[in-house]
Amino acid sequence: MSPRRRLLVGVLALVVVAVVVVAVLVSVFGARGMSGGGGPVAQDRPGTVLLVPGYGGSRSGLLQLSGRIQSTGRQTQVLRLDGDGTGDLNRQVEVLDAAVDAALAGGAPSVDVVGYSAGGVVTGLWAARDDGAAKARRVVTLGSPLHGTTLATLGSTFAPDACPQACRQLAPGSSLLTELDADRVGAEVPWLSLWTTDDETVTPPDSARLDGATNVELQQLCTGARVSHSALPTDEAVTGLVLRALSPAPITAAPTDCGTLRAAGRA
């Protein structure tokens with residue numbers, strides 16, 4: 001066989017091997033894709049609910065919400081952020097990742113994550129960086145500045161000494177928020193993003209809107225409701241929405257009326 005013919009046979013053999021490898025990968029991974037992430041978590045196997053506090057690290061409102069979630073039979077954990085919750089958000093992502101790994105190692109089939117305010121930014125960064133689609137069944141964010149808040153811009157510009165690292169990272173256009181926007185995490189995990197038009201901390205309030213997520217403005221469901229940023233974790237209608245989003249029902253199901261939501265939230 002001539003050298004040229006041997007080369008041609010060799011190339012054809014490599015092509016055949018490549019086709020076989022691709023076929024095997026497709027048969028193994030199927031609908032999960034070939035990214036190695038394992039695809040969406042089974043929606044009928046809810047696990048531990050992790051709640052991530054916002055800027056400053058206060059846990060009081062989330063502890064009340066956590067208790068209501070526990071009353072439905074779910075196991076919950078309200079995270080304690082590193083330091084006072086005003087430091088590097090990258091460090092808070094590591095705190096969340098460690099909590100997720102601990103829950104899964106402890107036997108939870110998956111996790112649901114509820115991120116309040118800046119905790120939603122932390123949750124989004126975690127989902128993007130740490131294969132959240134293979135670990136999180138659902139994500140809920142409450143009043144989260146997913147595209148930043150103009151208050152952080154004002155603080156970093158006119159009162160830099162009063163605007164620590166997390167504050168600067170929450171300014172629109174920051175490197176972390178640019179990363180979060182580019183990763184399109186809302187399309188990877190069933191996600192409910194909820195906000196209130198009365199928010200004077202996250203400005204504009206619809207900075208919470210996330211491509212790919214189920215986006216809900218509270219006042220569209222509860223006309224005339226007056227709910228501030230700090231009241232989101234304890235408002236009865238918000239709690240009702242959170243419970244519905246964490247249930248086995250599809251997260252994109254049409255919302256029920258405000259009275260029903262409030263009744264569910266206070267039960």
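Since the structure is predicted, the reported quantities are computational estimates derived from the model, not experimental observations. These values consider heavy atoms only, across backbone and side chains, with no hydrogens, waters or symmetry-generated copies.
- Of the options Thr123, Asn215, Thr141, a side-chain hydrogen bond (donor to acceptor under 3.5 Å, both in side chains) to Trp191 is made by Thr141 and by none of the others.
- Under the 4.5 Å side-chain heavy-atom criterion for ILVMFWY residues, a single connected hydrophobic cluster contains both Val216 and Val242.
- Atoms CG and CG, on Asp183 and Leu125 in that order, are 8.0 Å from each other to the nearest 0.5 Å.
- Side-chain atoms of Leu176 and Glu179, non-hydrogen and from C-beta on, do get closer than 4.5 Å to each other.
- Minimum heavy-atom separation, Thr196 to Gln219: OG1-NE2, 3.0 Å.
- Put simply, the side chain of Pro53 does not reach to within 4.5 Å of the side chain of Ser58, judged on heavy atoms.
- No side-chain heavy atom of Leu241 sits less than 4.5 Å from a side-chain heavy atom of Val140.
- Under a hydrophobic clustering in which Ile, Leu, Val, Met, Phe, Trp and Tyr are joined whenever their side-chain heavy atoms come within less than 4.5 Å, directly or via other members, Leu210 and Leu142 fall into different clusters.
- Side-chain N or O atoms of Asp235 include one that pairs as donor or acceptor with a backbone N or O of Ala237 at under 3.5 Å.
- One finds the OG1 atom of Thr239 at 8.0 Å from the CD1 atom of Ile69 (value rounded to the nearest 0.5 Å).
- A salt bridge between Arg184 and Asp211 is present, with a side-chain N of the basic residue lying under 4.0 Å from a carboxylate O of the acidic one.
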Q: Starting from the C-alpha separation in whole Å, work towards a yes-or-no answer on side-chain contact (heavy atoms from CB on, under 4.5 Å) for Leu261 and Glu236.
A: CA-CA 7 Å; Leu261 287 173; Glu236 291 176 348; over 6 Å; no

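- Between Asp112 and Arg138, none of the side-chain N atoms (NZ, or NE/NH1/NH2) sits under 4.0 Å from a carboxylate O, so this pair counts as no salt bridge.
- Residues Thr201 and Thr149 form no side-chain contact, since every pair of their non-hydrogen atoms from C-beta on lies 4.5 Å or further apart.
- Using modelled atom types, no side-chain atom of Ser66 and backbone atom of Leu62 make a donor-acceptor pair closer than 3.5 Å.
- No continuous path of hydrophobic side-chain contacts links Val49 to Val113 [ILVMFWY only; heavy atoms under 4.5 Å].
- A distance of 10.5 Å separates CD of Gln70 from CG of Leu65, quoted to the nearest 0.5 Å.
- With values rounded to the nearest 0.5 angstrom, Gln77 atom CD is found 5.5 Å from Leu50 atom CG.
- Using modelled atom types, no side-chain atom of Ser207 and backbone atom of Thr203 make a donor-acceptor pair closer than 3.5 Å.
- Under the 3.5 Å distance criterion, with hydrogens and angles disregarded, a donor-acceptor pair is assigned to the side chains of Thr260 and Asp257.
- Nearest approach of Val121 to Leu170, heavy atoms of both residues: CG2-CD2, 4.0 Å.
- No donor-acceptor distance shorter than 3.5 angstrom exists from the side chain of Lys135 to the backbone of Leu104, with no hydrogens or angles considered.
- Counting only heavy atoms from C-beta outward, the side chains of Val95 and Arg91 approach each other to under 4.5 Å.
- No single ILVMFWY cluster, assembled from side-chain heavy atoms under 4.5 Å apart, contains both Val52 and Leu194.
- In this structure, Ser144 contributes its side chain and Ser117 its backbone to a donor-acceptor pair below 3.5 Å.
- The shortest side-chain heavy-atom distance between Pro172 and Thr153 falls under the 4.5 Å cut-off.
- Although no hydrogens or angles enter the test, the distance criterion places no donor-acceptor pair under 3.5 Å between the side chain of Thr234 and the main chain of Gly61.
- Checked by atom type, the side-chain pair Asp88/Gln169 shows a donor-acceptor distance below 3.5 Å.
- A distance-only check finds a donor-acceptor pair linking the side chain of Ser110 to the backbone of Arg45 [under 3.5 Å].
- In this structure, Asn90 CG and Asp82 CG are separated by 11.5 Å, a value rounded to the nearest 0.5 Å.
- Put simply, the side chain of Gln43 gets close to the backbone of Arg137: a donor and an acceptor are under 3.5 Å apart.
- Side-chain contact between Pro145 and Trp195: absent, with no pair of heavy atoms (C-beta onward) separated by less than 4.5 Å.
- Remark: side-chain polar atoms of Arg68 are paired, donor with acceptor, to backbone N or O of Ala264 under 3.5 angstrom.
- Residue pairs meeting the ring-ring contact (aromatic ring centres under 6.0 Å, His included) criterion with at least one partner in residues 203-238, sequence neighbours excluded, are Tyr116-His229.
- The two atoms that bring Thr150 and Pro204 nearest to each other are CG2-CD, 4.4 Å, heavy atoms only.
- If you chain together hydrophobic residues whose side chains sit under 4.5 Å apart, Leu243 and Val111 never meet in one group.
- Using modelled atom types, one side-chain atom of Arg74 and one backbone atom of Leu246 make a donor-acceptor pair closer than 3.5 Å.
- With a 4.5 Å cut-off on side-chain heavy atoms, Leu146 and Arg209 do not count as touching.
- With respect to the salt-bridge test (charged N to carboxylate O, under 4.0 angstrom), the residues Arg129 and Asp97 do not qualify.
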